[in-house]
Peer 1: 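One structure is given below, represented as structure tokens, and several questions about it will come after.
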2 protein chains.
Amino acid sequence: MELLGYGNPARLDATFAALADPTRRAILARLAQGEASVTELARPFAMSQPAISKHLKVLERAGLVSRGKDQQRRPVRVQAQPLAEANAWIEDYRRILEANYRRLDSLLAELQAKP
Amino acid sequence: MELLGYGNPARLDATFAALADPTRRAILARLAQGEASVTELARPFAMSQPAISKHLKVLERAGLVSRGKDQQRRPVRVQAQPLAEANAWIEDYRRILEANYRRLDSLLAELQAKP
DNA sequence: CATGAGAATAACCATTTGGTTATGGAACTA
DNA sequence: TAGTTCCATAACCAAATGGTTATTCTCATG
């Protein structure tokens with residue numbers, strides 16, 4: 001089967017890189033409860049608003065987030081699809097590893113059966 | 001339930017950061033077929049051996065890989081557990097999103113039932 | 001129109017990242 | 001012992017990252 005490496009690599013790069021920062025994961029966790037404005041997202045963090053805007057840009061480049069317009073506010077919504085791709089990569093990988101473990105198990109069993 | 005944010009954050013940082021590079025994902029894909037020496041891992045890449053050693057160090061710091069000793073060779077093996085943690089984070093997240101979608105669906109259904 | 005709130009952008013800075021070449025050490029091999 | 005293979009380490013470099021402050025833009029409202 002060997003799916004590993006399929007899918008858009010640059011997209012995966014951006015997704016995993018976006019997830020590699022605790023602030024950004026916290027932002028996503030907040031957004032899982034519903035959309036929020038930039039200021040609302042910034043409030044819990046000991047960090048300036050421009051810093052949060054930068055993090056949002058990283059999340060947006062990864063496609064993990066999209067922005068709307070509501071008067072002066074720019075509500076941020078979560079976007080599920082890139083997560084699905086990242087998840088697929090990891091799942092494929094784990095599936096292959098498990099298959100290998102099973103092969104190793106049956107090999108060991110075979111060696112034990114006919115010593 | 002709200003599991004998001006549990007688990008060792010620094011560990012997650014390292015794991016996602018390690019996965020954010022296509023060379024390192026390719027190395028993991030190669031290692032899924034079985035352990036390999038540094039030179040074997042380096043061969044497919046248009047990149048120097050020290051560069052691969054650096055990538056391996058990143059993977060090792062993330063706990064995604066461990067190294068053995070076999071004479072002059074330093075065989076590299078894959079380590080599945082950190083992947084499981086990364087996977088758990090993503091899965092938790094997607095689960096929460098899906099729950100929200102379901103809530104939204106039933107809200108819409110309710111609005112349609114009594115207009 | 002003046003003010004103020006929400007958010008983006010610019011300019012700057014320190015640190016990290018991903019690569020290089022050069023060198024050195026450890027273990028096999030002739 | 002001398003050479004060779006495998007790998008790590010050091011020193012260096014350019015670019016990216018994650019933060020800052022200062023400024024600007026947009027929109028709503030007094």
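Letters A, B, ... are given to chains in the order of the sequence lines, protein chains preceding strands, and every chain is numbered from 1.
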Peer 1: Report the nucleotide, chosen from D:dG18, D:dT9, C:dA7, that has the shortest atom-to-atom distance to any side-chain atom of A:H55.
Peer 2: D:dG18
Peer 1: Looking at every heavy atom in both A:S66 and A:Q79, which two are closest together, and how far apart are they?
Peer 2: OG-OE1, 3.0 Å
Peer 1: On a heavy-atom basis, which atom in B:F16 and which in A:L19 lie closest, and how many Å separate them?
Peer 2: CD1-O, 3.4 Å
Peer 1: Should A:N87 and B:E91 count as side-chain neighbours, where that means a heavy-atom distance under 4.5 Å?
Peer 2: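 Side-chain contact under 4.5 Å: yes.
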Peer 1: Rounded to the nearest angstrom, tell me the gap between atom CZ in B:R43 and atom P in D:dC7.
Peer 2: 10 Å
Peer 1: Which listed nucleotide (C:dA7, C:dA8, D:dA8) is nearest to the side chain of A:P50?
Peer 2: C:dA8
Peer 1: Assign each of A:A17 and A:R74 to its nearest nucleotide of DNA chain D by heavy atoms, then name whichever residue's nucleotide is nearer the 5' end.
Peer 2: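 Looking at the nearest nucleotide for each, A:A17 comes out on the 5' side.
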Peer 1: Start at the 5' end of DNA chain D and walk down; is the nucleotide closest to A:Q72 or to A:K54 reached first?
Peer 2: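 Comparing both residues, the 5'-ward one is A:K54.
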Peer 1: Can you name the closest pair of heavy atoms from A:A17 and A:R24 and give their distance?
Peer 2: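 For A:A17 versus A:R24, the nearest heavy atoms are O-NH2, 3.1 Å.
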Peer 1: Atom CZ of A:R67 and atom P of C:dG6: how far apart are they, to the nearest Å?
Peer 2: 16 Å
Peer 1: Separation of A:F16 atom CZ from C:dT17 atom P, in whole Å?
Peer 2: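 In whole Å, C:dT17 P and A:F16 CZ are 18 Å from each other.
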Peer 1: Can you check the B:L59 CG to D:dC7 P distance for me, whole Å?
Peer 2: 15 Å
Peer 1: Give the rounded distance in Å between these two atoms: CZ of B:R24 and C1' of C:dG19.
Peer 2: 12 Å
Peer 1: Can you name the nearest heavy-atom pair linking A:A32 to B:L97, along with the distance?
Peer 2: CA-CD2, 3.9 Å
Peer 1: Over how many whole Å does the gap from A:K57 atom NZ to D:dT17 atom C1' extend?
Peer 2: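 So the two atoms are 14 Å apart, to the nearest Å.
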Peer 1: Answer with base, sugar-phosphate or nothing: what part of the nucleic acid does A:Q71 contact at a heavy-atom distance below 4.0 Å?
Peer 2: sugar-phosphate
Peer 1: Contact class for B:S48 vs. all strands (heavy atom < 4.0 Å): base, sugar-phosphate, or nothing?
Peer 2: base
Peer 1: Just the rounded figure in Å: distance from P of C:dA7 to CG of A:L41.
Peer 2: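 Answer to the nearest Å: 9 Å.
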Peer 1: Think B:S37 has a side-chain N or O under 4.0 angstrom from the OP1 or OP2 of D:dC6?
Peer 2: no
Peer 1: Rounded to whole Å, how long is the line connecting atom CD of B:Q49 with atom P of D:dT9?
Peer 2: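 Value for this atom pair: 11 Å.
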